[in-house]
Amino acid sequence: MKVTSFLDNLNPQQQEALLCCKGPLLVLAGAGSGKTRVITYKYAYLIKNKKMPPNSILTVTFTNKAADEMKFRIRDILKMDCASTWIGTFHSQCSRILRKEIKALGYSPDFCIYDDEDQNTLIRQILKEFKMYEALYKGVASRISYLKACLISPEEFLTSGDSYGFDERLARIYRRYQEELKKANALDFDDLISLTVRLFKENEKILQKYQDTFSYILVDEFQDTNIAQYTLLKMLAERDRNICVVGDDDQSIYKFRGANVGNIPRFEEDFPERKIVKLEKNYRSTQNILDVSGAVISRNVNRKEKRLWTDRGAGEKVYYALLANEVDEARYIAKTIKDLFLKGRYQFKDFAILYRLNILTRPLEEALRSEGIPYKVVGGISFYQRKEIKDILAYMKLAVNNNDNVSLRRIINVPQRGIGQATMSKIEHEAKKKGISLFEALKVIARSDSVVSATKENLIEFMKLIEELATLREGRAEEMLRFILNATGYGEGLEEERIQNIEELVSSAEDYPVRTFLDRISLYTNLDDMPEGDAVSLMTIHIAKGLEFPVVFIIGLEEGILPYFKVAETPEDLSEERRLFYVGMTRAKDLLFLTTVRQRRLYSRLQQQEPSRFIKDIPRDYCHLIEKIRDSEVRPKCKEAVVAEVPYPAGCRVRHPKWGIGVVRDCYGEGDDKKIMVNFPSVGIKRLAVKFANLERLG
DNA sequence: CGAATTGAGTTTTTT
DNA sequence: ACTCAATTCG
């Protein structure tokens, strides 16, 4: 493919993003603006035109799916094998670096990777030992994860006083947790990033080596990076300053996992010579959908102003339906889908139903079933997190890394082999006394006479099993898996479905060596299973990010649900909820349906619902209002939400004492808080409080 | 050691 | 209402 043909397929802004190959570049890519295309083409352009070797471009994504898709496209464009390229997730790239360099940090390169479940198990065990309420583990886990994402070590946290919500108990648990990880020669997901940062901080030579290796850095979904990830990028890019980050602050919806939108302004400060390119042409939605979603998101403060446009035309108005309860809501949606399907314009797979909370699927599934509409709930427990899969893999992990205490605990009595709590306590005690791993301690106990002979035999048998497995660790994964299944009898008496899962695991091992296989699945936490066949998709808005559908329904647009009542406390949280709504709306290509109910049964409680505050930010003119509530039940409040009187309708002109005449873009808020957005030719778009602005309306 | 009962807590989840 | 998990009993 010639350079010119890359350019032919891009609009002027996209071309600009592609051609800027020297120095730092920030690409603000609106929803549906062809971001992936730009990144992929840019990568190809750097190789073809700038003659960069493929291995000198570090490309970072957040999901394996995004990385795989990119590799697929590159393979297609350049006819190039992408197996050894540096295209991958933050975590896989860091793991690759650490496997090579981690000795410099005193870990063994055989380290295993703990997923969230392993992490939780370990934390719970520590809580138990500290005699703390175990149910706290979720909060503890997320706070530890947050600290790690901010590169705060236990020591730093201990001396941090009041910052970072200091809590003495948390500090002790955190410190102990890190010690246990180190003992087990295990890294959790956050460690993969933070230890790579530490590696570079403490070893100038190693950092230089990777700075030399990477002559260009490309980052996708930059708005989702956390502090640790940003620091990593900054260290690598600091010297040569050839880095391109692509993101959209309006689509930052993972704050709760440590993502920090502040990294966008931070990037601008750290790389003051950066160029900025905005991608505002949208290739996905109708203008109506863009206007409605744009009106909602424009209420957020401190965002990078973007005005998405399309040449697709206005399209149909957005449908906003007000319904009596969740059963009506579900029926309304099912019926609408059926109607549209029967008209022949859409297939079932063209529809997506999006929601804030998983719990909202229940009535939906019922209604869809009764209309005979095929559907698939996307998300939920992923393949590799199933119990049977994790059990089998725990054997494998323990064989490769005998120090993996969490895996040992997991399988020592699974399937049952008569090693119970009493015996386990003895092993724990021994391990603690001698400062050795549980497996070493188990060997000691097995040789001693401190347990009854039956138990002793059981221990010896388990020990032999693991040692035998260990001899297979240089071999093929499939072989080891078969051995595990035979030797343990795992699967005997199991449900058919679980046995099938195990079979699938074995066949997915293909020809991989044991270690490669383990690494792969430790970092591939979900098999990106988009629904096959013709079925309506049900998923959370979070999961829908990055996807698109011709027809989108967003349900449960009520106070307490979106925005969710537990997060809607700070303005930041509220902004994120608004972004979530925005992400949901911008998934739609042709038709967008929004629903609110008056009454909803939630956690067995019947609740009166108020329409989401975001609804009133939708300009009335862009909406079909559909009310399916029997007249006697209509509460005026619901109606007001959408029909709220606007003294300054969009498009009308006003005179400001200082800035002269401007065109009203928008007016929102209530009473004294009523705000107005006006475009003045002299000063641009201004946001004003109606009460103080002293405006004069002109016609 | 395993089964049954009681009790608490209910978001979102790329890796 | 329902799930998941810890504690208690056999």
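Residue contacts for I541(A): at a heavy-atom cut-off of 4.0 Å it reaches no nucleic acid atom on any strand shown. D224(A) comes within 4.0 angstrom of a nucleotide base, judged by non-hydrogen atoms across all strands. No contact: I521(A) has no heavy atom under 4.0 Å from any strand.
Spacing of C1' atoms, dT3(C) relative to dT14(B), comes out at 26 Å, to the nearest Å.
Within residues 248-256 of chain A, the residues that have a heavy atom under 4.0 Å from DNA chain B are, in order of number, Y254(A), F256(A).
Between L360(A) atom CG and dA1(C) atom C1' the separation is 15 Å, expressed in whole Å. Spacing between atom CD of E577(A) and atom C1' of dT11(B) amounts to 9 Å, rounded to whole angstrom units. In this structure, Y564(A) atom OH and dT10(B) atom P are separated by 8 Å, rounded to whole Å. Atom P of nucleotide dT15(B) and atom CD of Q93(A) are separated by 14 Å, given to the nearest angstrom. Remark: P of dT11(B) and CG of L602(A) are 10 Å apart, rounded to the nearest angstrom. Computed from coordinates, the F90(A) CZ to dT13(B) P distance equals 21 Å when rounded to whole Å. Distance CD (E221(A)) to C1' (dT15(B)): 14 Å, rounded to an integer number of Å. When the P atom of dT15(B) is taken as reference, atom CD1 of I144(A) falls 22 Å away, rounded to whole Å.
Partners of Y174(A) by ring-ring contact (aromatic ring centres under 6.0 Å, His included), not counting sequence neighbours: none found. Under the ring-ring contact (aromatic ring centres under 6.0 Å, His included) criterion, F593(A) pairs with Y319(A), F553(A), not counting sequence neighbours. By the ring-ring contact (aromatic ring centres under 6.0 Å, His included) test, F214(A) is found to be paired with W86(A), residues two or more places apart in sequence or in another chain being considered. Scored by the ring-ring contact (aromatic ring centres under 6.0 Å, His included) test, Y375(A) finds no partners at all (sequence neighbours excluded).
For the pair T540(A) and dT13(B), the criterion of a side-chain N or O lying under 4.0 Å from OP1 or OP2 is met. Contact between the side-chain N/O atoms of N358(A) and the OP1/OP2 oxygens of dT11(B) is not found at any separation under 4.0 Å.
For Q607(A) and R601(A), the side-chain atoms include no donor-acceptor pair closer than 3.5 Å. For the residue pair Y114(A) and D404(A), a side-chain donor N or O sits within less than 3.5 Å of a side-chain acceptor on the partner.
Comparing E576(A) and I419(A), the nucleotide of DNA chain B nearest to each residue sits closer to the 5' end for I419(A). Residue order along DNA chain B, read from the 5' end via each residue's closest nucleotide, puts N413(A) first among N413(A) and I543(A).
Residue H542(A) places its side chain closer to dT12(B) than to any other of dT12(B), dT15(B), dT11(B). Comparing dT14(B), dT11(B), dT15(B) by their closest approach to the side chain of R356(A) singles out dT11(B).
Applying the 3.5 Å distance criterion, the base of dT14(B) shares no donor-acceptor pair with the side chain of R257(A).
Cation-pi contact between K182(A) and Y107(A): present, with separation from the ring centre below 6.0 Å and deviation from the ring axis of at most 45°.
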Distance-only donor-acceptor hits, side chain of residues 255-262 of chain A, under 3.5 Å, sequence neighbours excluded:
residue	atom	partner	partner atom	Å
K255(A)	NZ	D573(A)	OD1	3.0
N260(A)	OD1	G262(A)	N	2.8

